[in-house]
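This report refers to the structure that appears directly beneath it.
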Amino acid sequence: MGLPRGGYGETVPEGISASNFIRDIVAADRAAGKHGGRVVTRFPPEPNGYLHIGHAKSICLNFGLAAEHPGGVCHLRFDDTNPTTEDPEYVESIQEDVRWLGFDWGDHLYFASDYFERLYTVAEHLIRRGLAYVDSLSADEMRQYRGTLTEPGKNSPYRDRSVDENLDLFRRMRAGEFVDGAHVLRAKIDMASPNVNLRDPVLYRIRHAAHYRTGRAWPMYPSYDFAHPLSDAIEGVTHSICTLEFEDHRPLYDWVVAQAGTPDRPQQIEFARLNISHAVMSKRKLLELVENKQVAGWDDPRLPTLKGLRRRGFTPEAIRAFCEHIGVSKRDAVVEMQLLEHFIREDLNKQAARVMAVLKPLRVVIDNYPEQTSEELEAINNPEDASAGTRSIPFSRTLYVERDDFMEDPPKEFFRLAPGREVRLRYAYIIKCVGVTKDPGTGEIMELHCTYDPATKSGGPEARRKVKATIHWVSAAHAVEAEVRLYNPLLSADLSSISTDDDWMAYLNPQSLERLTGCQVEPSLRGAVPRSRFQFERLGYFCVDPDSRPDHPVFNRTVSLKDAWARLDKRQLSR
RNA sequence: UGGGGGAUCGUCUAGCGGUAGGACGCCAGCCUUUGGAGCUGGCUACCUAGGUUCGAUUCCUAGUCCCCCAGCCA
């Protein structure tokens, strides 16, 4: 399996690529020899936050496109044109996340801030050609002059300043002679345009702020609408792929790109951003969650950030498969969380070693099993992968089973353990429940007494005897105590269905995190390394959290197994 | 009421004038020492109304609904 790469000359066939409208455009352009037959894309984050799965869609699209075409390249460019929001921490984090996802930009790491001098030159060029002017309206006044969606704007009184005056003012802006907000550089396009983005957009604003890379070298900074198209042009990007909200910036993009003076002009193509049901995706809301301590941080496993998903136990392969599967279109879409879960289950089913872990332990004593002794049983590590081999697990007189696997008065659809009933202990024996010990005060079930049938041992003479259910267990004396964190949807409703955005926090699911302590896991899990992934048989996929310590293992549930019993249980069961 | 986009199973998506396909999900069954996985079968869709055409999801016209835009954010 080849990993998608951004370097020249590398092709990557990874699975089957479904067609989408952007793939079609790029392929057609290439076939037609447009852009000299090159394919150059870019992933252009602003380093002002952490990446989430929505970014993964864009990353997969851009790097994927480059990888699909011989000689294709995908750049990683930081669009760092706003010093007040950006931080090198994010630059690091974003690179780490893109790499973790499995992509490689090779030598093609760029920063818009590296182009500041060149951008400045283009701006002066625009001024000389009468295509840009220094405006001295206040922000408030500018808003008024801009008009509204239905009324045209009107020209600023400064719009007709001479080239010389503009040049002088602009140079003094650069020299730092003016305070923030005193002037801006605007493109001279059309204040009456029905597209408000064309009503003389701001190209430069004065901002006496230190930039994390250029420091105090610049007292003014280019806006996105100016820096982005030019950066694309400078880098020789052929296809500049962005999200739908930039659709009506495209005429401006083209206008700016035409000023770059580059032999080839990049083309902007827009697609719909990713939404996932019951997930918090907006930067603002994620920040709110983190700042209000509703979650443990940006890597909280309940968050759709790449760091959160990684800590949750997701694999890059599953995320890439998901991104490939959801496709690319221009419709506002909400993908169901179940689809993401499907892809992580599919991947982990193939990869993850099976182990036994009891989350809510109920003590079981096998009355007819000898005391002070134990035996080793052989267990299969992964039925999907014979090469994963086997391991041995200890069995003894006192065990733990899942409390949910016993019912004193079960409905007929329940075929696990109950008084007088038999079940198989996975890889061990068939046992029969012969007694229930309860707390005399509370009536709570404290312990089960069972008998075992030695002939039913796995591999033994009656091993093939059928019982209705097989349950997991651990030997009490050998088990390792662990903490297990279960995650449920962060939101109890779909944000897209909520009318007012203000009180979205009211929809936070108070049960989104369940911390289980006193769990009992099989001894092979002792010392499991952080981030390693397992299937806890019959329960789900779990990974070792970085919070784990040798004496205190902590597991995160990545996703539960599909559970036919849980489905039955939801419908009202007949007793 | 300006401009730019978008409407196909419950969800995501394919289709490019010729029987509307796939995936998730759901349902039923088989299998099973994970009520997992796997296997088999089934379920449900072209926003509306006109028109063009032998034939329209596709082309045309008129509507309807949804999203985005009035930062010196990106």
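In this text the structure is predicted, and so the values were computed from the model without any measurement. Chain A is the first sequence line, chain B the second, and so forth, proteins listed ahead of strands; every chain is numbered from 1.
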Measuring to OP1 and OP2 of [N], would you say a side-chain N or O of [X] lies under 4.0 angstrom away?
X	N	value
A/R143	B/G71	yes
A/T81	B/A74	yes
A/R284	B/C73	no
A/R146	B/C72	yes
A/R345	B/U34	no
A/K562	B/G35	no
A/K330	B/G4	no
A/R199	B/C69	no
A/R424	B/U34	no
A/K466	B/U33	yes
A/S19	B/G15	yes
A/R538	B/G35	yes

Quick one: on RNA chain B, does A/D332 or A/V335 contact a more 5' nucleotide (nearest heavy atom)?
A/V335
5'-most contact on RNA chain B: A/E151 or A/N382, nearest heavy atom basis?
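The 5'-side residue here is A/E151.
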Does [X] get its side chain close enough to the base of [N], under 3.5 Å, for a donor-acceptor pair?
X	N	value
A/E245	B/G5	no
A/S329	B/U13	no
A/E413	B/G35	no
A/Q535	B/U34	yes
A/D248	B/G3	yes
A/R464	B/U33	no

Syn or anti for B/G71, taking syn as within 90° of 0?
syn
Please give, in whole Å, the distance from B/C73 C1' to A/E86 CD?
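These atoms are roughly 10 Å apart.
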Rounded [atom1] spacing from [N] to [M] in Å:
N	M	atom1	answer
B/A62	B/G3	P	14 Å
B/A37	B/A28	P	15 Å
B/G6	B/C72	P	27 Å
B/A20	B/A56	C1'	12 Å
B/U61	B/G5	P	15 Å
B/U58	B/C9	P	15 Å
B/U57	B/A7	C1'	12 Å
B/U40	B/U32	C1'	15 Å

Defining pairs by Watson-Crick or G-U wobble geometry with both distances under 3.5 Å, how would you list the stems of RNA chain B with at least three pairs each?
B:2-7 with B:64-69, B:10-13 with B:21-24, B:25-30 with B:38-43, B:47-51 with B:59-63
Could you tell me whether [X] and [Y] make a salt bridge, using a distance below 4.0 angstrom between a side-chain N and a carboxylate O?
X	Y	result
A/E324	A/R23	yes
A/K188	A/D200	no
A/E245	A/R273	yes
A/R426	A/E537	yes

Mark yes when over 12 heavy atoms from residues, nucleotides or ligands other than A/K432 sit less than 6.0 Å from its NZ; otherwise mark no.
no
Taking the six-membered ring for Trp, are the ring centroids of A/Y90 and A/Y50 within less than 6.0 Å of each other?
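Yes, they do, as the ring centres are separated by less than 6.0 Å.
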Residues in salt bridge (charged side-chain N to carboxylate O under 4.0 Å, His left out) with A/R533, at least two apart?
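With sequence neighbours excluded, A/R533 shows a salt bridge (charged side-chain N to carboxylate O under 4.0 Å, His left out) to no residue whatsoever.
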Ignoring hydrogens and angles, state whether a donor on the side chain of A/D140 or A/Q144 is under 3.5 Å from an acceptor on the partner side chain.
no
Test the A/R416-A/F406 pair against the cation-pi criterion, namely NZ or CZ under 6.0 angstrom from the six-membered ring centroid and within 45° of the ring axis.
no
Test applied, side-chain contact (heavy atoms from CB on, under 4.5 Å); reference residue, A/Y429; option that passes from A/K457, A/E462, A/R424
A/K457
Of the nucleotides B/G35, B/C26, B/A37, which one has an atom closest to the side chain of A/E384?
B/A37
What's the closest nucleotide to the A/V196 side chain, out of B/G15, B/G22, B/A70?
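That would be B/A70.
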